[in-house]
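So that the names make sense, note that chain A is the first sequence line, chain B the second, and so on, each numbered from 1.
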There are 2 protein chains.
Amino acid sequence: MDRVEWLTPEQLRAWIRFESVVELLPAVLDSQLHRDAQLTHFEYLVMAKLSESPDHVLRMTALAATTNSTLPRLSHVVSRLEARGYVERVPCPSDRRATNAHLTESGWAKVVESAPGHLRTVREHVIDLLTDEQVGQLDDIMAVLIQKLDPENSLRRLP
Amino acid sequence: MDRVEWLTPEQLRAWIRFESVVELLPAVLDSQLHRDAQLTHFEYLVMAKLSESPDHVLRMTALAATTNSTLPRLSHVVSRLEARGYVERVPCPSDRRATNAHLTESGWAKVVESAPGHLRTVREHVIDLLTDEQVGQLDDIMAVLIQKLDPENSLRRLP
DNA sequence: CCTAAGTCCTTGTCCCGACAACCATTCTGC
DNA sequence: GCAGAATGGTTGTCGGGACAAGGACTTAGG
């Protein structure tokens with residue numbers, strides 16, 4: 001292994017803090033949703049993305065992309081959501097390999113019901129703690145990191 | 001559920017990007033460590049914290065705190081690391097309820113061997129992508145979030 | 001003291017995510 | 001057209017993390 005330059009104290013401190021947030025934040029989001037809506041954060045995300053899409057339908061591949069997920073993972077989650085009546089699978093007419101995931105009425109209602117609580121959590125733990133300027137800085141920084149993490153920009157729908 | 005103000009476009013975009021990074025970054029760190037050192041990110045973190053500590057020893061409770069973890073989780077991981085010879089459990093002489101986790105020679109060697117690769121990954125995916133100014137902004141922002149996520153740095157979820 | 005409550009840690013069980021193997025359909029080159 | 005590659009999804013298995021319960025020890029109160 002080649003030599004790597006060590007971090008400066010400022011860089012190290014920033015990294016340790018960032019690392020901690022990355023570790024702790026998902027647990028907060030997960031637990032709020034699980035407590036208030038019996039949903040995983042990822043389950044919520046899947047339904048939320050469906051709800052933003054025309055006709056509440058997305059192909060599995062597209063849905064996997066927007067949720068930063070893999071197909072196997074998504075498939076399992078959709079099966080769970082299907083069992084609870086929130087989502088249904090519909091064969092894609094134009095490509096018979098493909099499957100469309102469709103948010104049911106019940107699923108839509110679930111999203112509408114649980115969105116405010118989730119939003120509140122996001123506000124309480126992130127957005128409302130920062131100044132507008134900091135939100136802008138966060139946006140810029142995360143844009144740079146995403147570019148590296150997800151070079152192909154498979155995440156569409158960035159407003 | 002009370003009404004919650006929706007996010008502005010700027011806030012929403014920042015949040016979606018941040019959310020994506022929080023989702024994707026751990027996978028990158030995990031996979032590098034697993035590939036190059038057969039270690040979980042959390043396993044590495046545990047050994048790293050031990051290696052920074054005097055005599056390479058920490059009480060389980062303290063170790064759980066510095067790694068943002070719970071005691072059950074830590075206990076399982078230490079068991080695994082013990083089975084691989086990287087860590088050993090030593091009863092604490094002053095408090096017989098307590099257990100000290102001690103990094104073995106082999107564990108120390110493992111940390112020394114795998115640290116550069118991990119550091120390189122952190123540099124490649126975060127630090128080296130940002131200006132010094134941005135690193136400072138990231139530090140400030142994460143400090144604010146940490147304050148909310150872990151108010152007294154003495155976390156541990158209570159039921 | 002001695003009992004009750006609190007602290008420190010371990011263990012068992014369940015569920016979710018990663019990974020690999022697999023099947024079905026569509027595309028490509030010749 | 002047709003063989004082989006590529007694409008789109010599903011399923012099975014395995015390992016790690018959350019949570020609940022329990023065991024061992026210590027401290028506090030009368």
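- If you check dT25(C), dA24(D), dG9(D) against the side chain of Arg97(B), the one that comes closest is dA24(D).
- Between His118(B) and Tyr44(B), the angle of the ring planes lies from 30° to 60°, which puts this pair in the tilted group.
- Spacing between atom CG of Asn100(A) and atom P of dG8(D) amounts to 13 Å, rounded to whole angstrom units.
- Rounded to an integer number of Å, the gap from CD of Glu82(A) to C1' of dT10(D) is 12 Å.
- Take the nearest nucleotide of DNA chain D for Ala98(A) and for Ser79(A): the residue whose nucleotide is more 5' is Ala98(A).
- Thr99(B) comes within 4.0 angstrom of the backbone, heavy atoms only, and of no base.
- Between Arg59(B) atom CZ and dT10(C) atom C1' the separation is 15 Å, expressed in whole Å.
- Qualifying side-chain contact (heavy atoms from CB on, under 4.5 Å) partners for Arg96(B), counting only residues two or more places apart in sequence or in other chains: none.
- The structure places CD1 of Ile146(A) at 7.5 Å from CZ of Arg17(B), a figure rounded to the nearest 0.5 Å.
- Residue Leu74(A) contributes atom CG, which lies 12 Å from atom C1' of dG8(D) at whole-angstrom precision.
- Atom-to-atom distance recorded for His102(B):NE2 and Asn100(B):CG is 9.5 Å, nearest 0.5 angstrom.
- Remark: P of dA24(D) and CG of Leu71(B) are 17 Å apart, rounded to the nearest angstrom.
- For Arg96(A), whose side chain is taken as the heavy atoms from C-beta onward, the closest listed nucleotide among dT25(C), dG9(D), dT10(C) is dT25(C).
- Heavy-atom neighbours of Asp128(B) CG from other residues, nucleotides or ligands within 6.0 Å: above the threshold of 12.
- Summarising the geometry, the separation between CG on Asp95(A) and P on dG8(D) is reported as 7 Å, rounded to the nearest angstrom.
- Taking atom CG on Leu33(B) and atom P on dG15(D), their separation rounds to 19 Å, with Å as the unit.
- Within 6.0 Å of CD on Gln38(B) lie more than 12 heavy atoms contributed by other residues, nucleotides or ligands.
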Point to revise | Nucleic acid footprint by protein, nucleotides 14-23 of chain C - heavy-atom cut-off 4.0 Å, B for base, S for sugar-phosphate alone | key: --SSBBB---
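- Judged purely by atom type and a 3.5 angstrom limit, Ser75(B) has no side-chain atom pairing as donor or acceptor with the backbone of Leu71(B).
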